[in-house]
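Before any comments, here is the structure.
Below, read A as the first sequence line, B as the second, and so on, with proteins coming before strands; counting in each chain starts at 1. In this text the structure is predicted, and so the values were computed from the model without any measurement.
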There are 2 protein chains.
Amino acid sequence: MHKEITIYDIAARLNISAATVSRALKDHPRVSKATKKLVAKTSDEMGYRSNSFASNLRKKQSSIIGVIVPRLNSNFMADVLAGIEKVANSNNYNLFISQSLESTKKEASNAQAMLNNRVDGLLVSVAYDTTNFDHFESFIRRNIPVIFFDRVFEHESCPQIYIDNYKAAHDITDHLIKQGSKRIVHIGGNQLRNVYAERLQGYKRALEENNLLFDENLVIISDLTSKAGSDAAYKILKMSPLPDGLFVANDICAIGCMQVLKKEGINIPSDIAVAGFNNDPTATVIEPALTTVNYKGYEMGEVAAKLMINHLVDKDDFQETHSLILRSELIIRESSLRNNLQK
Amino acid sequence: MHKEITIYDIAARLNISAATVSRALKDHPRVSKATKKLVAKTSDEMGYRSNSFASNLRKKQSSIIGVIVPRLNSNFMADVLAGIEKVANSNNYNLFISQSLESTKKEASNAQAMLNNRVDGLLVSVAYDTTNFDHFESFIRRNIPVIFFDRVFEHESCPQIYIDNYKAAHDITDHLIKQGSKRIVHIGGNQLRNVYAERLQGYKRALEENNLLFDENLVIISDLTSKAGSDAAYKILKMSPLPDGLFVANDICAIGCMQVLKKEGINIPSDIAVAGFNNDPTATVIEPALTTVNYKGYEMGEVAAKLMINHLVDKDDFQETHSLILRSELIIRESSLRNNLQK
DNA sequence: GTGAAAGCGCTAACAT
DNA sequence: ATGTTAGCGCTTTCAC
């Protein structure tokens with residue numbers, strides 16, 4: 001069996017103290033160049049690897065960032081994680097990643113695990129039904145930074161990173177109206193979550209500005225799955241008169257809906273102009289290609305990780321950066337384009 | 001500032017020893033029920049959280065599983081990770097996750113980081129261009145289990161988990177032939193990787209069995225991105241005579257290719273029957289829907305994590321389970337269906 | 001520029 | 001059923 005080499009073994013071999021080895025390994029300024037070189041060489045030869053537990057225990061910090069997301073297998077979240085990993089990795093931070101599977105209970109137990117594992121900071125996008133902050137209180141009490149992204153939770157000590165869902169939803173609805181839609185259905189998500197609530201508000205605001213009446217019968221709240229989209233399609237088909245516009249709070253659901261509408265002989269965009277949200281890869285595959293809001297997950301991940309690491313390293317205060325709003329953009333495609341005038 | 005509570009604080013409060021507190025917390029059999037209850041209550045009241053570093057340092061094990069994948073933001077990998085997380089989480093293992101971004105160099109440095117962080121085991125799907133095992137040797141030397149999944153590396157001490165790419169590719173090619181295709185183009189990936197090499201072999205074998213000549217001009221090797229698919233489409237359009245079948249080693253690339261072919265007036269499936277691989281969500285959105293091989297990422301993740309944890313817990317030998325081959329299935333859709341006979 | 005020594009918080013062997 | 005003790009491997013203060 002392989003015997004693990006410690007700094008004491010290196011020290012013994014070189015007839016110096018473990019303290020010096022430790023310093024040399026960390027490139028401490030007050031160690032001679034010669035010693036450093038020698039230590040580096042010897043530790044290589046002996047197959048030394050540092051023990052992060054001992055070091056973390058001693059230093060009382062872990063260089064681990066915890067990440068809790070609703071689900072790992074969503075296109076958007078995968079992008080976010082890729083962005084986070086990129087930044088964390090290049091700053092020598094490790095990532096603990098777990099998923100809440102949209103359950104507050106699991107979110108809480110994951111948070112507890114992160115706490116026990118002494119993460120230096122926590123990045124969270126909250127579950128569908130999370131309505132209280134209890135499971136994060138213990139982080140705040142210990143001054144462990146918690147940053148929310150995308151699906152955020154309002155708390156004075158926690159910065160938030162998101163896009164302007166209100167404005168994006170407003171703009172996309174406005175676009176549908178400019179294309180001649182007057183009765184626009186909105187398929188939205190759980191109104192507890194900022195992202196979905198704001199999309200509904202943006203939709204309302206656009207109607208208002210264009211002197212269209214808000215009709216709550218035109219709003220369908222769902223879990224925004226593809227299945228929810230096809231279910232919604234059947235509801236829409238029964239509406240009379242038939243709506244002439246559709247704004248769905250995510251692309252997956254929009255596409256599920258479009259597939260049924262198409263099958264039932266509805267022409268998109270001439271009968272119903274459709275818009276989604278997220279710019280999912282499928283949005284360019286469906287025919288007609290789906291108008292949507294481009295939502296940069298990768299960038300959001302990078303920004304979240306950078307903000308966290310800056311805070312961890314500089315201990316600069318969060319006060320100044322309470323909210324970080326990322327740019328999003330309207331991408332107009334055939335599913336909503338009724339004429340060339342507005343292009 | 002918050003003072004962290006240790007087992008000594010609890011012990012002092014209760015006038016018992018730290019060892020008993022430690023045992024009580026771990027639900028050790030030889031601690032009285034009463035003591036356990038008391039300890040649990042007190043530790044709760046005092047806001048105790050265990051220090052995993054101290055524990056890991058002492059126990060010389062981490063309950064951390066390292067995962068290295070080519071990229072986090074791919075549909076398939078996200079599914080795999082979700083499966084891994086599910087199993088790890090419910091067995092109280094934490095996950096260190098990093099991405100190689102298809103670079104052997106980064107894969108190696110990530111592996112080194114995992115090693116230093118004392119992961120108990122490593123789950124790997126190798127990068128595009130990895131051709132040697134050097135960066136994993138140090139794990140083997142230390143008896144830290146390394147399990148490969150999907151994109152595997154042949155090594156006597158490392159179990160592998162994958163699907164039978166050879167058979168799946170054979171079956172799907174055979175299906176195209178049965179649908180009347182005689183000149184079938186194959187768009188494949190890097191032949192260093194088992195998954196892509198075997199898909200090409202399966203394709204070849206199916207041709208052979210059906211007395212069709214293998215023509216290497218019909219094989220296009222690429223990185224299997226959507227862009228590679230559209231590039232390949234233009235190559236295909238220049239072939240004369242035009243091929244009448246197309247088997248692409250992944251759906252994303254297949255769809256990129258189909259989109260161009262369609263735009264250029266090729267009818268799918270009547271001019272060219274098309275099949276992909278992976279059963280990506282987009283495969284049901286493209287028109288015609290794409291025939292493909294269903295490839296269960298989530299399941300693969302679960303299996304990999306279970307195998308790892310069983311090994312970690314029971315220390316059962318890997319010898320017995322060198323390779324684990326998961327079921328995959330052919331999903332026939334309109335992109336390859338020329339008549340109803342073969343359905 | 002280097003060394004001695006203490007201690008981070010926990011676990012487990014041994015003792016009772 | 002509980003206590004005593006040593007030690008996991010590192011960092012860091014203090015000393016020289």
- Item | A:E4 and B:K60: CA distance, side-chain angles, deciding distance, salt bridge (Lys or Arg N to Asp or Glu O under 4.0 Å) verdict | CA-CA 11 Å; A:E4 283 293 343; B:K60 288 171 181 286; over 6 Å; no

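Using a 4.0 Å heavy-atom criterion, one finds that A:S22 contacts the bases of the nucleic acid, with or without backbone contacts as well. Residue A:S52 is classed as having no contact, given no heavy-atom separation below 4.0 Å to the nucleic acid.
In this model, a donor atom of one side chain and an acceptor atom of the other lie less than 3.5 Å apart for B:D129 and B:T104. Under 3.5 Å, the side chains of B:Q112 and B:H135 contain no donor-acceptor pair of N or O atoms.
Here the side chain of B:A54 is nearest to one of D:dT2, C:dT2, C:dG9, namely C:dG9. The side chain of A:R30 lies closest to C:dG1, out of C:dC14, C:dC10, C:dG1.
One interatomic measurement links the two molecules: CZ of B:F53 to P of C:dG7, which rounds to 21 Å at whole-angstrom precision. If you measure from atom CG of B:N56 to atom P of C:dG9, you get 15 Å, rounded to the nearest angstrom. Rounding to whole angstrom units, OH of residue B:Y8 and C1' of D:dT2 are separated by 15 Å. In this entry the distance linking CG of B:D9 with P of C:dC8 reads 11 Å, nearest Å. The distance from atom CD1 of A:I7 to atom P of C:dT2 is 15 Å, rounded to the nearest whole Å. Computed from coordinates, the A:K36 NZ to C:dG1 P distance equals 9 Å when rounded to whole Å. At whole-Å resolution of the value, CE in A:M46 and P in D:dG9 are 13 Å apart. Rounded to whole angstrom, the span from the CG atom of A:N51 across to the C1' atom of D:dG7 amounts to 13 Å.
Considering only side-chain N and O atoms, B:S17 lies nowhere under 4.0 angstrom from the phosphate OP1 or OP2 of D:dT2. Applying the 4.0 Å criterion to OP1 and OP2 of D:dG3, one finds that B:T20 has a side-chain N or O inside that range. The side chain of B:T35 places an N or O atom within less than 4.0 Å of a non-bridging phosphate oxygen (OP1 or OP2) of D:dT2. At the phosphate of D:dC10, neither OP1 nor OP2 sits under 4.0 Å from any side-chain N or O atom of A:K26. OP1 and OP2 of C:dC10 both lie 4.0 Å or more from every side-chain N or O belonging to B:K59. Residue B:K60 has no polar side-chain atom (N or O) positioned under 4.0 Å from OP1 or OP2 of C:dT11.
Checked against the 6.0 Å centroid criterion, the rings of B:F76 and B:Y298 do not qualify as a close aromatic pair.
Checking B:T6 against A:A18, the closest nucleotide of DNA chain C that is more toward the 5' end is the one next to A:A18. Mapping A:A19 and B:S32 onto DNA chain D by nearest heavy atom places B:S32 closer to the 5' end of the strand. Comparing B:R58 and A:I16 by the nucleotide of DNA chain C whose heavy atom lies nearest to each, the residue mapping closer to the 5' end is A:I16.
For the pair B:Q99 (side chain) and B:P70 (backbone), a donor-acceptor distance under 3.5 Å is absent.
With rounding to the nearest 0.5 angstrom, the CZ atom of A:F153 is 11.0 Å from the CG atom of A:N194.
Evaluation of atom-type donor-acceptor distances gives a pair under 3.5 Å for the side chain of A:R23 against the base of C:dG3.
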